Engineer: 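Have a look at the structure that comes next, please.
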Amino acid sequence: MSKSVIEMPPKGGFSFDLCKRNEMLAKKGVSPPSFRKTGTTIVGLIFQDGVILGADTRATEGPIVCDKNCEKIHYMAPNIYCCGAGTAADTEAVTDMVSSQLQLHRYHTGRESRVVTALTLLKRHLFNYQGYVSAALVLGGVDVTGPHLHTIYPHGSTDTLPFATMGSGSLAAMAVFESKYKEGLTRDEGIKLVTEAICSGIFNDLGSGSNVDICVITKGGKEYLRNHLQPNPRTYTSSKGYSFPKKTEVLLTKITPLKEKVEIIEGGDAMEE
Amino acid sequence: MQIFEYNGSALVAMVGKNCFAIASDRRLGVQLQTIATDFQRISKIHDRLFFGLSGLATDAQTLYQRLVFRHKLYQLREERDMKPETFANLVSAILYEKRFGPYFCQPVIAGLGDEDKPFICTMDSIGAKELAKDFVVAGTASESLYGACESMFKEDMEPEELFETVSQALLSSVDRDCLSGWGGHVYVVTPTEVKERILKGRMD
């Protein structure tokens, strides 16, 4: 079985310990569980001063919405952000990992990170795992060479585009972009177009929903507009709410008081020997 | 046969005013046969941090032991308890490490962070964190729990009202799920005390 008796904290990377057991279970007819996906509509476009990224905020587990307001625009560097679609754990883990690698690289070189650096790190990792790390990303940022926008597919291929969409709602969003995009958009026009594209995903694609998140990145800095638009508010809640009279039958109650905070009073009398 | 439906479970955590509640059912089964009616799904990591594991019970026990080990190491090194947010990151990393051969568990983490601010979080079996401001659910009864909590939840409930709400949501949801039930176990944690209560429910 395992070589070491003591379980030391792992050195990093994936561990394949349980694969044999899981394969045995699969042979016995046990189907593997479904993972949380971010059904998603994620978009990006380049406007005259930089890049605008947009995403919806719904996370699904099969047909159930498990998170109505999740964050799909991940931080990579102060000037680079990345939207993620696909398996939620994969997008989060891969963007966190590359973000740390970029930070180390910044310390090493003493320079601002470039978008192509993030791009290469991401595509190398994803290709390494041959598409099993199911993360489809829209990476955008502004560095010394200008604004950049890229899409990265789970198998590791990348595209460099002036406007891009990914996720289950990508067709709905791309339809909006293809008809209304033009070069040299202003900031407000860009935000309006991105919002329209995400809304088209939210309303037409079942895997996307809830609110619109926007991130505007320019040479000067970035602006993260969390829940920029909330086109699906909850208007049907009853103002009274539910109130339950104390009817729950309790068999046993155990109360454990927590340690009180100890107050140290300065300037007491000196202790006698 | 679904692996998550082998043992059956129901877990819910809710946020109140400077307090939180975490509740689970008590059944342990082997597919349709019940083998225990007092199974502990929720464990204490430290006084202000509780976590429950739904899914395959054997993986839940292994994962619990690994996490207690890691927390003890942390306590020795840092000379303090882990914050709930840090603990959630730790669980997420441990689960993601096994991305291609995962533990068949879904954790629910609930704790009081800095300034007694309640923190709740759940993850899928590979560590995709879901931080929520109101409630989180896990287990075979999760679909019913989503519905019950969505309608019964109110902002800023006091501990007693929170207890009633969580209990009603849990009991009504497990009534609609064959694989969980046989009572309930509710912990309501405030900055000054931890109230653990065992509920009487339908024993079927």
Side-chain angles (χ1 to χ4, degrees), chain A residues 7 9-10 12-23 25 28-38 59 61 64-71 87-93 129 132-133 234 237-238 241-260, chain B residues 1-4 6 47-48 55 59 66 69-70 73 92-104 106 122-133 137 142-143 146 151-154 160-161 163-165 167-168 171 183-184 189-201:
Chain A
E7 180 149 340
F14 290 124
S15 142
F16 298 96
D17 292 350
L18 295 176
C19 285
K20 251 192 171 173
R21 173 200 77 157
N22 291 359
E23 228 183 280
L25 284 170
K28 291 201 171 166
V30 173
S31 50
S34 67
F35 304 131
R36 181 168 301 148
K37 292 197 171 291
T38 53
E61 205 159 4
I64 309 287
V65 176
C66 53
D67 195 350
K68 292 185 283 184
N69 205 358
C70 71
E71 280 188 39
T87 304
D90 288 332
T91 56
E92 271 177 43
Y129 288 96
Y132 282 96
V133 175
R234 239 187 123 186
T237 32
S238 132
Y242 284 87
S243 53
F244 301 104
K246 290 194 177 179
K247 285 274 176 70
T248 320
E249 279 191 66
V250 177
L251 292 172
L252 167 75
T253 309
K254 192 169 110 173
I255 304 178
T256 317
L258 296 178
K259 278 182 273 212
E260 284 167 22
Chain B
M1 186 259 297
Q2 292 277 8
I3 191 66
F4 277 109
Y6 188 74
D47 280 337
R48 290 152 65 99
D59 278 352
R66 286 189 68 187
F69 168 73
R70 294 294 294 267
L73 268 181
S92 177
I94 287 181
L95 290 174
Y96 192 71
E97 207 196 345
K98 301 257 187 281
R99 164 70 172 87
F100 298 117
Y103 285 116
F104 297 125
Q106 278 183 317
T122 184
M123 289 166 214
D124 70 349
S125 56
I126 47 173
K129 268 191 301 209
E130 186 210 318
L131 309 164
K133 295 200 175 60
V137 304
S142 62
E143 295 184 20
Y146 274 123
S151 38
M152 295 183 194
F153 178 78
K154 280 194 293 226
E160 285 308 313
E161 204 192 341
F163 164 71
E164 290 295 323
T165 309
S167 311
Q168 290 289 337
L171 291 174
V189 181
T190 59
T192 50
E193 64 180 8
V194 170
K195 258 201 195 145
E196 179 192 336
R197 279 180 268 230
I198 296 182
L199 307 174
K200 180 168 187 287

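The structure displayed is predicted, hence computed values, not measured ones. Order of the sequence lines sets the chain letters (A, B, ...), proteins ahead of strands, with each chain counted from 1. Keep in mind that the numbers below use all heavy atoms, side chains included, and drop hydrogens, waters and symmetry copies.
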Engineer: Where on B:L95 is there a heavy atom nearer than 4.5 Å to chain A: the side chain, the backbone, both, or neither?
Structural biologist: neither

Engineer: Under the criterion side-chain contact (heavy atoms from CB on, under 4.5 Å), I'd like the reasoning laid out for A:N22 against B:F104: C-alpha separation, chi angles, the key distance, then a yes or no.
Structural biologist: CA-CA 9 Å; A:N22 291 359; B:F104 297 125; 3.4 Å; yes

Engineer: What do the steps show when you test B:E130 against A:E61 for side-chain contact (heavy atoms from CB on, under 4.5 Å), and what is the final call?
Structural biologist: CA-CA 12 Å; B:E130 186 210 318; A:E61 205 159 4; 5.9 Å; no

Engineer: If you define the side chain from C-beta out and look only at heavy atoms, does anything of B:I198 sit under 4.5 Å from A:V250?
Structural biologist: no

Engineer: Would you say that more than 12 heavy atoms from the other residues, nucleotides or ligands in this model lie under 6.0 Å from the OH of A:Y132, or not?
Structural biologist: no

Engineer: Does any backbone or side-chain atom of B:Y6 lie under 4.5 Å from a heavy atom of chain A? Answer side chain, backbone, both or neither.
Structural biologist: neither

Engineer: Residues in ring pair (Phe, Tyr, Trp, His ring centres under 6.0 Å) with A:F14, at least two apart?
Structural biologist: A:Y129, B:Y96, B:F100

Engineer: Under a 4.5 Å heavy-atom cut-off, does chain A meet the side chain of B:T192, its backbone, both or neither?
Structural biologist: backbone

Engineer: Pick whichever of B:G201, B:P102, B:G127, B:P191 has the most heavy-atom pairs under 4.5 Å with chain A.
Structural biologist: B:P102

Engineer: After noting the C-alpha distance and the side-chain angles of A:I255 and B:V194, does the key distance pass the side-chain contact (heavy atoms from CB on, under 4.5 Å) rule?
Structural biologist: CA-CA 6 Å; A:I255 304 178; B:V194 170; over 6 Å; no

Engineer: With respect to chain A, which residue among B:K154, B:Q168, B:Q2 yields the maximal number of heavy-atom pairs within a distance under 4.5 Å?
Structural biologist: B:Q168

Engineer: Are B:E196 and A:T256 close enough, and set up right, to give a side-chain contact (heavy atoms from CB on, under 4.5 Å), and what steps lead you there?
Structural biologist: CA-CA 8 Å; B:E196 179 192 336; A:T256 317; 5.6 Å; no

Engineer: If you count heavy-atom pairs under 4.5 Å with chain A, which of B:E161, B:K133, B:K129 comes out on top?
Structural biologist: B:K129

Engineer: Just by distance, do the side chain of B:R99 and the backbone of A:A89 share a donor-acceptor pair under 3.5 Å?
Structural biologist: no

Engineer: Name the option with the most non-hydrogen atom pairs under 4.5 Å to chain A; the candidates are B:G183, B:S125, B:A132, B:S151.
Structural biologist: B:S151

Engineer: For the candidates B:L171, B:I94, B:I126, B:L131, which exhibits the highest count of non-hydrogen atom pairs separated by less than 4.5 Å from chain A?
Structural biologist: B:I126

